[in-house]
Amino acid sequence: MSIPVVDFGAYGLSGRDVADEQLHNLGEELKAAFTDVGFVYLKNTGITDDEVDRVMDVSENFFMQPDDAKRPFSRGSFAGSANHGWVSLETERLNPRRPGDLKEAFNAVSLRPDIKWPSSDFQEIQTSFFLRCKELSLRVLRVMAHSLGLDPGVFLSAHREIGNENGTTLRSLYYPPVNRKKAKEGQLRCGEHSDYGSITLLFQRSEGLQVRRRSGEFMCAPCVPGTVLINIADLMQRWTSDQLVSVVHRVLLPPAGDSSTRQSLAFFAQPDDVAVITCCDGSNKYPPVSSGDFLKERFNDSYGRS
Ligand SMILES: O=C(O)CCC(=O)C(=O)O
Ligand SMILES: [Fe+2]
């Protein structure tokens with residue numbers, strides 16, 4: 001079992017619409033990947049490596065500054081957008097049973113005009129990439145609904161407020177060089193976890209990500225140039241009564257003596273705060289839950305109860 005590569009060219013961002021037959025074929029390929037592995041590499045999405053590089057570069061410039069310069073943009077300091085902003089090293093534990101993750105992050109959640117950004121370049125580049133990822137996510141969600149034989153708008157109608165009353169996040173991640181002697185016991189770059197929302201788009205420039213197989217062993221999810229790695233997250237697994245699977249993944253420390261850094265970008269598509277997620281097969285496998293409440297509960301686990 002490895003992560004399949006699917007050609008999304010028929011419905012990539014440069015095209016307008018998609019013929020029924022292509023929609024059907026794409027749906028079958030995505031469904032097979034998402035019911036089996038939970039992850040897929042999409043090629044020909046319309047998002048280019050150059051676009052990704054621009055976001056990585058502007059993020060790297062931000063992370064390279066001293067903490068004092070980043071602190072005014074900390075997560076928790078933006079009224080009305082609790083998850084927006086900078087997360088310092090070892091603050092988040094994606095696996096709460098491990099020490100804090102050896103990573104820094106910047107969460108772009110709110111696109112409202114009152115948000116203060118580190119620079120106008122940073123704002124422009126993050127915002128335009130956020131909107132590109134939003135468009136791709138909506139296309140993937142449409143194909144997914146089609147593949148499950150659902151009303152084509154069932155997922156889309158719950159993702160109307162992205163950038164407003166909605167937790168969707170473009171997260172820039174920076175993993176600094178690791179000194180193995182200083183690392184705490186059991187500490188990782190990113191602890192074992194599954195994502196919280198509907199789907200995640202991941203862009204990476206170096207190795208390190210691992211994905212859990214059904215057998216329980218982890219396999220590497222290498223960087224495949226020109227692709228976007230997409231995975232199912234927990235609310236989507238509930239929504240589809242476990243037909244699509246939200247799979248645990250992690251980033252280990254680099255091998256001893258390897259002082260490389262890692263950067264990645266994750267776009268976590270999340271239903272609107274007020275959207276109530278109910279099993280779409282009509283079963284009661286999971287009780288209905290509001291997306292906003294579900295997300296709050298998961299953040300309490302990874303950042304400590306507030
Ligand atoms: O850096 C990565 O590739 C993994 C990030 C991740 O899984 C997350 O932030 O949810
Ligand atoms: Fe993740």
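Only heavy atoms go into these numbers, but all of them, side chains included; no hydrogens, no water, no symmetry mates. Counting convention: from 1, in listed order, for ligands and their atoms alike.
When distances to the Fe ion (ligand 2) are checked against a cut-off of 2.8 Å, His193 contributes an N, O or S atom below that limit.
A cation-pi arrangement is present between Arg75 and Tyr303 under the rule of less than 6.0 angstrom and at most 45 degrees off the ring axis.
If you look at Asp195 and ask which of its N, O or S atoms sits nearest the Fe ion (ligand 2), the answer is OD1. For the Fe ion (ligand 2), the nearest N, O or S atom contributed by His249 is named NE2.
Every atom of ligand 1 with a heavy atom of Phe268 under 4.0 Å away is listed here by number and element: 8 (C), 9 (O), 10 (O). Atoms of ligand 1 lying under 4.0 Å from at least one heavy atom of His249, given by number and element, are 7 (O).
No side-chain heavy atom of Arg212 sits under 4.5 Å from any side-chain heavy atom of Glu217.
Using a distance-only test at 3.5 Å, with no hydrogens or angles considered, a donor-acceptor pair links the side chain of Arg98 to the main chain of Gly186.
The distance between the ring centers of Phe63 and Trp86 does not fall below 6.0 angstrom.
With a 4.0 Å cut-off on non-hydrogen atoms, Ser264 touches ligand 1 through its side chain and not its backbone. At a heavy-atom cutoff of 4.0 Å, ligand 1 is contacted by the side chain of Val251 but not by its backbone.
Remark: distances from the non-hydrogen atoms of Arg189 to ligand 1 are all 4.0 Å or more.
Remark: ligand 1 and Arg262 share an N or O pair separated by less than 3.5 Å (distance only, no angle test).
Evaluated for a side-chain hydrogen bond (donor to acceptor under 3.5 Å, both in side chains) with His193, the options Glu92, Arg250, His249 yield exactly one hit, His249.
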Is there a ring-ring contact (aromatic ring centres under 6.0 Å, His included) between Phe130 and Phe267 once you walk through the steps? CA-CA 8 Å; Phe130 183 108; Phe267 184 79; 5.3 Å; yes
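His193 NE2, 2.9 Å is the protein heavy atom nearest to atom 10 (O) of ligand 1.
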